[in-house]
Structure formats: C-alpha cells, structure tokens
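A single structure is presented below for examination.
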Amino acid sequence: MRDINRRTLIEHTLILSLAAATSGLVAPARAATIAGDVTSLKGEVKAEVDAAQRILAQGAQVFVDDLIMTAPTARVTLTLGQGTTIKLSGSARLKLDRHMVNAGGSFDLQGGGLLFERGANGPKGDTAFKSPYGLIAVRGTTFFAGPSNGVFGVFVQHGEIDVTAAGKTVRLLPGQGTNIAKPGAAPSSAAKWKPARIRAAFLSVA
C-alpha cells in the first residue's frame with residue numbers, strides 16, 4: 001500500500017511539473033500596452049497585431065501596435081488616454097504605433113480618413129501622423145485628414161499643424177487646409193476651405 005501511494009505521489013508531481021512547463025511555453029512574448037478603447041462603432045471594425053485579427057465591439061480595448069481597420073461602410077470612434085478622440089471613416093487603416101497617455105503619440109494612417117480631436121485634458125506632448133502622402137505634426141486640437149475632393153486633404157478646425165511632403169512644409173491655422181494630389185507630391189499652400197467641403201469631410205467620419 002505504501003509503494004502504491006508513493007507511486008501515485010510521483011505521478012501527480014510529474015503531471016504538475018509538466019503542466020507548469022507547458023504553461024511557460026504558451027505565455028505571451030510581451031505584455032500589450034493599452035492605448036484606449038472603442039467609444040462607438042458602426043459596421044465591422046477589426047484590429048490586427050502580429051497577423052492575428054479580432055473583431056472590435058463597443059467598449060473593447062485597443063493596444064499599441066494595433067492596426068485598426070474599418071469596412072467600407074463602417075465608422076469607429078476611439079478614445080485614447082485622457083481627452084484624445086480619433087474618428088475613422090470607412091475603408092480606414094490606422095496603426096497605433098505609439099501612444100502615451102500624457103505625452104502624445106505617433107500613428108500611421110495607411111488609408112481612409114480620420115478626425116482627430118484633443119480636449120483640454122489631452123496629452124501636451126508631440127503627436128505625429130505619417131501617411132503615404134506625408135507627415136502631419138500636430139499642435140492643433142481638431143483636424144481632419146483623408147480623401148477630400150479627389151485628393152488627400154488636411155484641414156484644421158482648432159489649433160495648428162505642420163504638413164510635410166516632398167520636402168515642403170505647410171503650416172495650417174484654424175479654418176485652413178491643404179491638398180496633396182498623390183503620394184510623393186508636395187502639399188498645396190494653406191487656403192481657406194469652403195463650408196461645403198468642411199461639412200463633407202466631417203460627415204465622412206461621422
């Protein structure tokens with residue numbers, strides 16, 4: 001009887017040791033950093049990281065390194081950190097390269113349009129958006145970037161931003177916008193946008 005109990009104890013010990021070793025093998029390689037969450041959405045919206053995709057729902061968390069992708073008729077609003085909101089149009093692709101709650105961040109707009117809004121409690125550090133059309137350095141609190149009137153347009157409602165492409169930098173002040181005809185082209189000079197164009201741009205992410 002003593003030998004049977006001893007053998008059973010050894011078997012249980014081996015099973016527990018194997019389970020512990022196996023759990024170590026499947027542990028995640030890195031801890032995901034929370035960037036924010038989904039405030040609202042319409043249609044299908046996905047997040048992709050390391051070739052793995054997941055369907056997002058209202059209230060879902062999004063993480064640094066996520067690539068947020070919207071279906072052609074979808075819309076999504078993300079709240080990042082304290083007081084930063086990003087709204088995406090349909091057929092948008094936005095990579096959350098880096099986001100620090102109180103120190104800005106960097107993003108990669110790979111397609112579609114967005115509306116960026118930063119409240120009084122938003123991060124005070126630098127924020128930058130890169131895209132195939134150029135680089136947007138954000139000092140403003142509200143701006144649009146994306147397809148508009150057949151080109152890639154950038155418009156500032158509040159604050160100011162610098163748009164750099166093809167070796168040229170254009171500074172936009174409230175009410176001003178710029179056009180980039182295609183990737184590799186320089187931005188046009190800052191100019192006032194007409195109300196109809198502003199309305200159409202904002203509706204594309206509403």
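Heavy-atom basis, side chains included; hydrogens, waters and symmetry copies ignored. Counting begins at 1 with the first residue of the sequence.
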Backbone N/O of S89 and side chain of T70: donor-acceptor pair under 3.5 Å:
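Flag set: sc T70 to bb S89 pair under 3.5 Å.
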Looking at every non-hydrogen atom in both residues, tell me the closest pair between A190 and L172 and how far apart they are.
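Closest heavy-atom pair between A190 and L172: CB-CD2, 3.7 Å.
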Salt bridge check, R54 against D66: does any charged N sit closer than 4.0 Å to a carboxylate O?
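The answer is yes: the pair qualifies as a salt bridge.
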Give me the atom names and distance for the closest heavy-atom approach of P183 to P132.
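Closest pair (atom of P183, atom of P132, distance): CB-O, 3.4 Å.
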So, the side chain of R199 versus the backbone of K194: is there a donor-acceptor pair under 3.5 Å, distance only?
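It does not hold such a pair.
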Tell me, which pairs form a ring-ring contact (aromatic ring centres under 6.0 Å, His included) where one or both residues lie in residues 41-69, sequence neighbours left out?
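For residues 41-69, and leaving out neighbouring residues, there are no ring-ring contact (aromatic ring centres under 6.0 Å, His included) pairs at all.
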Taking all non-hydrogen atoms of both residues, which atom of A92 and which atom of G113 are closest, and how far apart?
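Scanning both residues completely, I find the closest heavy atoms to be CB-O, 4.2 Å.
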Given side chains that start at C-beta, do those of L96 and V64 come closer than 4.5 Å, heavy atoms only?
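Sidechains of V64 and L96: no contact.
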Hydrophobic cluster of L115, others only, ordered by chain and residue number, side-chain cut-off 4.5 Å
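Under the 4.5 Å side-chain rule, L115 groups with F144, F155, W193, I198, F202, V205.
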Counting C-beta onward and ignoring hydrogens, is there a side-chain heavy-atom pair between F107 and I86 closer than 4.5 Å?
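Touching, per the 4.5 Å side-chain cut-off.
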Holding to side-chain hydrogen bond (donor to acceptor under 3.5 Å, both in side chains), I want the full list of residues that pass it with E48, two or more places apart in sequence or in another chain.
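For E48 the side-chain hydrogen bond (donor to acceptor under 3.5 Å, both in side chains) partners, ignoring immediate neighbours, are Q53.
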Side chain to side chain donor-acceptor pair (under 3.5 Å): which pairs involve residues 175-185, sequence neighbours left out?
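Of all non-adjacent pairs touching residues 175-185, those that pass side chain to side chain donor-acceptor pair (under 3.5 Å) are T178-S188, N179-R197.
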Taking P187's backbone N and O only, do any of them form a donor-acceptor pair with K168's side chain (distance below 3.5 Å, no angle check)?
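Side chain of K168 to backbone of P187, a donor-acceptor pair under 3.5 Å: yes, one is there.
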Tell me, which pairs form a ring-ring contact (aromatic ring centres under 6.0 Å, His included) where one or both residues lie in residues 73-96, sequence neighbours left out?
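Non-adjacent pairs meeting ring-ring contact (aromatic ring centres under 6.0 Å, His included): zero.
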Between E44 and A74, which heavy-atom pair has the shortest distance, and what is it?
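In terms of heavy atoms, the two residues are closest at O-CB, 3.4 Å.
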Other hydrophobic cluster members with L67, side-chain heavy atoms of Ile/Leu/Val/Met/Phe/Trp/Tyr under 4.5 Å, chained?
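Members besides L67, by chain and number: M69.
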Sequence neighbours left out, what passes side-chain contact (heavy atoms from CB on, under 4.5 Å) with T39? Give chain and number order.
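For T39 the side-chain contact (heavy atoms from CB on, under 4.5 Å) partners, ignoring immediate neighbours, are D37, T77, T79.
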Other hydrophobic cluster members with L203, side-chain heavy atoms of Ile/Leu/Val/Met/Phe/Trp/Tyr under 4.5 Å, chained?
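Grouped by the 4.5 Å side-chain rule, L203 forms a cluster of one, so the answer is none.
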T84 side chain to G81 backbone, donor-acceptor under 3.5 Å
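Side chain of T84 to backbone of G81: no pair is present.
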Check: R118/T127 side-chain N/O donor and acceptor closer than 3.5 Å:
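Yes.
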Only counting residues at least two apart or in another chain, list the ones meeting side-chain contact (heavy atoms from CB on, under 4.5 Å) with K130.
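K130 satisfies side-chain contact (heavy atoms from CB on, under 4.5 Å) with D97, D108, L135 only.
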Check the angle between the aromatic planes of F129 and F143 and answer parallel, tilted or perpendicular using the 30° and 60° thresholds.
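Plane angle over 60°, so perpendicular.
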Could you walk me through whether L78 and T85 satisfy the side chain to side chain contact (heavy atoms under 4.5 Å, CB included) test, starting with their C-alpha distance in whole Å, then the side-chain angles of each, then the deciding distance to 0.1 Å, before giving a yes or no?
CA-CA 6 Å; L78 307 174; T85 299; over 6 Å; no
For R93, what residues pass the salt bridge (charged side-chain N to carboxylate O under 4.0 Å, His left out) criterion, not counting sequence neighbours?
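With sequence neighbours excluded, R93 shows a salt bridge (charged side-chain N to carboxylate O under 4.0 Å, His left out) to no residue whatsoever.
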Over all heavy atoms of both residues, which pair between V156 and H158 is shortest? Give the atoms and the distance, please.
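Closest approach of V156 to H158: CG1-O, 3.3 Å.
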With sequence neighbours left out, write down each residue that passes side-chain contact (heavy atoms from CB on, under 4.5 Å) with A166, or none if nothing qualifies.
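In terms of side-chain contact (heavy atoms from CB on, under 4.5 Å), with neighbours along the sequence ignored, A166 is linked to A186.
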Using every non-hydrogen atom in the two residues, find where L109 and A145 come nearest and quote the distance to one decimal.
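Heavy atoms only, the tightest pair is CD2-O, 4.1 Å.
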Once side-chain contact (heavy atoms from CB on, under 4.5 Å) is applied, do any residues pair with S91, and if so which ones, sequence neighbours excluded?
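Testing S91 for side-chain contact (heavy atoms from CB on, under 4.5 Å), a comparison that skips the adjacent residues, returns P72.
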Taking the side chain as C-beta and beyond, is there a heavy-atom pair between Q110 and K95 under 4.5 Å?
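Heavy-atom side-chain distance check passes, below 4.5 Å.
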